[in-house]
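Worksheet: one structure, shown below.
Note on naming: letters A, B, ... go to the chains in the order of the sequence lines (proteins, then strands), and numbering restarts at 1 for each one. Because only heavy atoms are used, hydrogens play no part in the values below, and waters and symmetry mates are left out as well, while side chains stay in.
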Protein chains: 2
Amino acid sequence: MPARTATLCCTPLTEAALSAADATEVASLLGALADPVRLRLLSIVAAQGEVCGCNLEGPLGKSQPTVSHHTKVLAEAGLITSERRGRWVWWRPVPERLALLRQVLGGQ
Amino acid sequence: MPARTATLCCTPLTEAALSAADATEVASLLGALADPVRLRLLSIVAAQGEVCGCNLEGPLGKSQPTVSHHTKVLAEAGLITSERRGRWVWWRPVPERLALLRQVLGGQ
DNA sequence: CCGATACATTGATGAGCGTCGATGAGAGCA
DNA sequence: TGCTCTCATCGACGCTCATCAATGTATCGG
């Protein structure tokens, strides 16, 4: 859960050409979202506000290792955060991270 | 240039869980952007407003077939449009497409 | 026509990724 | 201490994708 230092760049890509470095950083963030399973995972977590990992396998229809893999990718991208409670891991969204993406994509 | 029927879904993924079908559609759109070269390509086109294809190879530092490949991917995603003028192909951004993405990502 | 230029397509190659079974690491309970 | 449950990691498989050389297609100038 290395929170990804991630100041991210960012002038919107509609205003000026991205540098190669910025483009790589933004691309990796977008890549974390460019997967149907991870999009549904994030939407479930964001809609609920807080979700136990044990309640993800079912809705996603994926194996436990696969779900664990996707949560890891989203967490490393800074889009969700984890908190351990006993045997369970609870996941919460990081709205600022999505807002940052919208800004890069030309948000005002 | 099959303009991608693409009404796209879209309730923001922060409000309700995405369906599998919607997630796949959004993921493919995000996938078109989740590449450093395509991000820079789009940023160049968006910043200029209109760019000749012959002026892309240089700034991107990629071979002609590679650039052609990326423009095709972005065009099929509906993010840019092409117009032929003599021997040249001019590329223009499709801002509504980016706006749609921002909306799915939780834009107001 | 003929050569040159801009772009698209093809085919091949190498890297990366999604998936899952098997296994490991921790936490709780009896 | 054992057993169970949740989650993370590992290893392997199959598929997709980015890249480029070679080739094809279309346009313009002479």
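- In this structure, A:R85 reaches neither bases nor backbone, as no heavy-atom distance under 4.0 Å exists between it and the strands shown.
- If you measure from atom CH2 of A:W90 to atom C1' of D:dC7, you get 15 Å, rounded to the nearest angstrom.
- Summarising the geometry of B:G107 relative to B:P12, their closest heavy-atom pair is O-CG, 4.3 Å, with the distance given to 0.1 Å.
- Residue B:L105 holds its CG atom at 13.0 Å from CD of A:Q103, rounded to the nearest 0.5 Å.
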### Query
How far apart are the C-alpha atoms of A:L60 and A:I44, what are their side-chain angles, what is the distance that settles it, and do they pass the side chain to side chain contact (heavy atoms under 4.5 Å, CB included) test?
CA-CA 9 Å; A:L60 294 177; A:I44 291 174; 4.2 Å; yes

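- For B:E76 and D:dC17, the CD to P distance is 11 Å, given to the nearest whole Å.
- Remark: the backbone N or O of B:L18 is paired with a side-chain donor or acceptor of A:S43 at under 3.5 angstrom.
- For residues 46-68 of chain A, proximity to DNA chain C is found at A:K62, A:S63, A:P65, A:T66, defined as any non-hydrogen atom under 4.0 angstrom from a strand atom.
- With B:R85 contributing its side chain and B:C52 its backbone, the two residues share no donor-acceptor pair below 3.5 Å.
- Atom pair A:L74:CG and D:dC7:P shows a separation of 16 Å (rounding to whole Å applied).
- If you take CG of B:L33 and P of D:dC17, they are 15 Å apart, rounded to a whole angstrom.
- Contacts of B:H69 with the nucleic acid, taken as non-hydrogen atoms under 4.0 Å apart, include base atoms.
- Under 4.0 angstrom from either OP1 or OP2 of D:dG29 there lies no side-chain N or O belonging to B:R87.
- Rounded to 10°, the helix from C:dC1-D:dG30 to C:dA30-D:dT1 has 20° between the axis fitted to its first five pairs and the one fitted to its last five.
- The phosphate of D:dC7 (OP1 or OP2) has no side-chain N or O of A:K72 nearer than 4.0 angstrom.
- To the nearest angstrom, P of D:dA18 lies 5 Å from CG of B:D35.
- Using a 4.0 Å cutoff to heavy atoms of chain A, the contacted part of DNA chain C runs 5' to 3' from C:dG18 to C:dG28.
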### Task
Could you walk me through whether B:L33 and B:L101 pass the side chain to side chain contact (heavy atoms under 4.5 Å, CB included) test, one step at a time?
CA-CA 11 Å; B:L33 278 179; B:L101 238 189; 3.6 Å; yes

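- Rounded to the nearest 0.5 angstrom, B:E50 CD and B:T81 OG1 are separated by 10.5 Å.
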